[in-house]
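Remember, it's a predicted structure, so these values are computed and weren't measured experimentally. The analysis underlying the following values was restricted to heavy atoms, covering all of them including side chains, and did not include hydrogens, waters or symmetry mates. In the text below, chain A, chain B and the rest are named by the order of the sequence lines, each starting its count at 1.
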Amino acid sequence: MTNADDAEMVARLQAGDQAAYAQLVDENAGRIYRLALRMLGSEADAEDVLQETFLSAFKSIENFEARSSLSTWLYRIATNAALMRLRRKEPQQVSVDEPIESDDGELIPRQFFDFCCLPETDLLRDEARAEMMRAIEELPATLRSVFVLRDIEGLSTEETAETLNLSISAVKSRLMRARLKLRERLSIYFAHATEETR
Amino acid sequence: MSATPHDHDQHESCRHYLRSISEYLDGTLSDTLCDEIEAHMATCENCRVVVNTLSKTVLLYRRLPSPEMPDEVKERLFKVLDLRPYYHADESSEKPAE
């Protein structure tokens, strides 16, 4: 959607045009649902966040000032709703297999199993994908939101920063930490899986 | 970063380059720093493994299949939003349903 399309859509929404509301939902619901599912790992929670997002958006559309695009605005509402839900859940468990964190918060890798050259059938099998999803769900919420937006949904660093109301450097730092944590987790998984098949 | 014995300078180099590897993978680092990282990787097996597996990790996540929103979830959404006359399972129309 171009800026001009966005402006026209905003005008229709602010005028209470029901067809415009439906169009906004049609064009964005799938993305919002997918984002919420990636963030929360539960279809029921994802549906709740989806509904909350559009209810909240429709309620506040009158005050929308187009400082960001409609889609970024919806992403921001959805991400905040998902993060609030995550904060209400149980505290993060810290695994003994996690990378070591130094005093200044830097992550130091300690798994060096090179799984790059494993056959695609091993890397992409259902069990490996299930492990990948569990690994995302175990990331701290602050890292998970950045990783999902940036590496799975494909937003740019700038768009991710705008969506999460973070600085560019905070996005980069959290993305690196998320990637390193996931790498450690996958290294352990693929090392064990490879050992078992020998 | 190494699990094998390293001298202090080598270990400090690993930590120094580790801070930049995420941006290295995204292609947003300067050519000079990229060259330094590549030169370091040529002499440090563990850093080479970390960079390669980090890159593979990101690639694997990007290749995860996208979950589809079930039609019934969309239908319930339209109902909650009081937009039921506009609901279409195929997401292709914005006109009210007959």
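Atom CD of A/Glu120 sits in a crowded spot, with more than 12 heavy atoms from other residues, nucleotides or ligands closer than 6.0 Å.
With contacts defined as side-chain heavy-atom distances shorter than 4.5 Å, the pair A/Arg177/B/Ser22 does not qualify. The shortest distance between side-chain heavy atoms of B/Pro65 and A/Arg129 falls below 4.5 Å. In this structure, B/Lys56 and A/Leu123 have side chains that are in contact, with non-hydrogen atoms separated by less than 4.5 Å.
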Take A/Asp114 and B/Arg48 through the side chain to side chain contact (heavy atoms under 4.5 Å, CB included) test and state the conclusion after the steps. CA-CA 9 Å; A/Asp114 190 351; B/Arg48 187 187 63 72; 3.9 Å; yes
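For chain B, the nearby parts of A/Leu55 are the backbone and the side chain; heavy atoms of each come within less than 4.5 Å. Contact annotation for B/Glu68: only backbone heavy atoms (N, CA, C, O) come within less than 4.5 Å of a heavy atom of chain A. Heavy atoms of A/Phe58 lying under 4.5 Å from chain B belong exclusively to its side chain. Proximity to chain A (any heavy atom under 4.5 Å) is shown, for B/Arg63, by both the backbone and the side chain.
Note that CG of B/Leu64 and CE of A/Met133 are 6.0 Å apart. Values are rounded to the nearest 0.5 Å. A distance of 5.0 Å separates OG1 in B/Thr57 from CG in A/Leu186, rounded to the nearest 0.5 Å.
Note on B/Thr28, B/Asp82, B/Asn52, B/Leu60: by heavy-atom pairs under 4.5 Å with chain A, the leading option is B/Leu60.
No donor-acceptor pair closer than 3.5 Å links the side chain of B/Tyr61 to the backbone N or O of A/Ile152.
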